[in-house]
A.B. asks: 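Okay, here's the structure, questions in a sec.
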Amino acid sequence: MRRPYGPACAPLRLDGIRFRVRTGVPWRDVPVEYGPWNRLYDLFRRLRNGTWQRILTQLQPPADAKGAITWDLSVDSTVCRVHQHVAGARKQGDLQKEPPGGIFTEPHDRGLGRSRGGFSTKLHLAVEQGQKPMSIVATAGQRGDSPQFEPVLEKTRVPRIGPGRPRVRPDRVRADKAYASRENRAYLRRRGIRCTIPDKSDPARNRRKLGS
């Protein structure tokens, strides 16, 4: 089978990148119909200059105008085990043979840490009820959920098609008991955001003892 080459094959290569990100296979295992794996990887690296973020920013305004974004956000996190090869990376990224790409400044710990699951990264996400991601924050695997509640919501920003400031405030936020802190509830009250966050058993028991 003739492998695709040339600029006209860019959409096919984008499909190859989507396949690799969705399945998590190594780059060398991407099916040959998407083109040479090294071409896919090179394109993926080049698009980390902010292109992926610009694509998302361009798609969100028309979706919001059509009512496809439900502004009831759910906030939660998940821990991802990092690849075994990450353990051999340089601590100083600028000294790597291939320095990390992207437009965002990496955290000092590069989003890597030791948790119960081992060497891992924790992803904190805010998604709307149609399960579309609105914002994401990456931290080391041992970081707590509650301190990242405010940073995740602060990164939620959807531009408008016409004039006007981007929408940054959801109607309601849903989260589990890990986010039931006074600081988080006070933050939501200041912004006028309703919330559905269950109380932890100990604080609720203490309030009942005090007659509250």
Side-chain angles (χ1 to χ4, degrees), residues 20-24 44-45 48-50 52-53 56-57 60 71-96 98-158 166 168-170 172-191 193-206:
R20 190 268 169 183
V21 174
R22 184 177 68 251
T23 60
F44 175 77
R45 293 283 302 185
R48 291 181 64 188
N49 60 359
W52 298 116
Q53 183 64 36
L56 178 62
T57 302
Q60 284 181 332
W71 283 92
D72 285 1
L73 303 188
S74 297
V75 178
D76 208 345
S77 68
T78 182
V79 177
C80 305
R81 284 289 300 272
V82 301
H83 195 273
Q84 59 183 351
H85 294 167
V86 175
R90 287 181 178 268
K91 293 183 179 180
Q92 294 178 319
D94 56 340
L95 298 180
Q96 289 183 207
E98 186 179 17
I103 60 174
F104 302 109
T105 302
E106 289 192 339
H108 68 280
D109 56 9
R110 303 190 66 184
L112 301 173
R114 298 284 180 181
S115 65
R116 291 183 179 181
F119 207 36
S120 58
T121 295
K122 180 175 284 189
L123 302 179
H124 309 263
L125 291 95
V127 300
E128 53 95 47
Q129 299 308 301
Q131 299 182 358
K132 302 180 185 68
M134 304 296 291
S135 63
I136 180 172
V137 173
T139 65
Q142 77 276 10
R143 302 296 181 184
D145 291 348
S146 185
Q148 306 305 322
F149 182 77
E150 185 174 338
V152 169
L153 292 180
E154 288 292 338
K155 290 188 66 174
T156 301
R157 185 182 184 88
V158 176
V168 297
R169 190 181 67 172
R172 179 181 292 273
V173 173
R174 308 169 189 268
D176 57 26
K177 293 181 180 180
Y179 301 91
S181 68
R182 292 182 179 180
E183 292 78 8
N184 291 341
R185 294 185 187 277
Y187 168 77
L188 294 173
R189 283 195 298 270
R190 288 196 305 269
R191 297 188 62 190
I193 302 174
R194 295 175 295 172
C195 69
T196 302
I197 303 177
D199 278 331
K200 295 182 180 179
S201 57
D202 290 345
R205 188 184 307 113
N206 293 334

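For the numbers below, each heavy atom of this structure counts, side chains included, while hydrogens, waters and symmetry mates do not. On a predicted model such as this, the values are computed, not experimentally measured, just so you know. Numbers here simply count residues along the sequence, with the first being 1.
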A.B. asks: Should Asp76 and Asp176 be marked as a side-chain contact (heavy atoms from CB on, under 4.5 Å) after you check the CA-CA gap, both sets of side-chain angles, and the distance that decides it?
C.D. replies: CA-CA 8 Å; Asp76 208 345; Asp176 57 26; 3.7 Å; yes
A.B. asks: Restricting to non-hydrogen atoms, name the atom on Phe149 and the atom on Tyr179 that form the minimum distance, rounded to 0.1 Å.
C.D. replies: CD1-CD2, 3.5 Å
A.B. asks: Could you tell me whether the side chain of Leu153 reaches within less than 4.5 Å of the side chain of Ser135, counting heavy atoms only?
C.D. replies: no
A.B. asks: Output, in order, the C-alpha distance, side-chain angles, deciding distance and verdict of side-chain contact (heavy atoms from CB on, under 4.5 Å) for Val137 and Lys155.
C.D. replies: CA-CA 8 Å; Val137 173; Lys155 290 188 66 174; 3.6 Å; yes
A.B. asks: Sub-3.5 Å donor-acceptor pair from the side chain of Thr156 to the main-chain atoms of Val168, do we have one?
C.D. replies: no
A.B. asks: Over all heavy atoms of both residues, which pair between Ala180 and Pro198 is shortest? Give the atoms and the distance, please.
C.D. replies: CB-O, 3.3 Å
A.B. asks: Are side-chain N/O atoms of Ser74 and Gln129 paired as donor and acceptor at under 3.5 Å?
C.D. replies: yes
A.B. asks: Can you confirm whether more than 12 heavy atoms, excluding those of Arg191, are under 6.0 Å from its CZ atom?
C.D. replies: yes
A.B. asks: Which residue pairs satisfy the ring-ring contact (aromatic ring centres under 6.0 Å, His included) criterion with at least one member in residues 120-142, sequence neighbours excluded?
C.D. replies: none
A.B. asks: What's the verdict on side-chain contact (heavy atoms from CB on, under 4.5 Å) for Leu125 and Val152, showing C-alpha distance, side-chain angles and the deciding distance?
C.D. replies: CA-CA 7 Å; Leu125 291 95; Val152 169; 5.9 Å; no
A.B. asks: Can any side-chain N or O of Arg172 pair as donor or acceptor with the backbone N or O of Cys195 at less than 3.5 Å?
C.D. replies: yes
A.B. asks: Can you find a side-chain donor-acceptor pair between Tyr187 and Glu154 that sits under 3.5 Å?
C.D. replies: yes
A.B. asks: Is a side-chain donor or acceptor of Arg174 paired with a backbone partner of Leu73 at a separation under 3.5 angstrom?
C.D. replies: no
A.B. asks: Answer yes or no: is there a donor N or O on one side and an acceptor on the other, between the side chain of Lys177 and the main chain of Ile197, under 3.5 Å?
C.D. replies: no
A.B. asks: Under a 4.0 Å N-O cut-off, is there an ion pair linking Asp145 with Lys122?
C.D. replies: yes
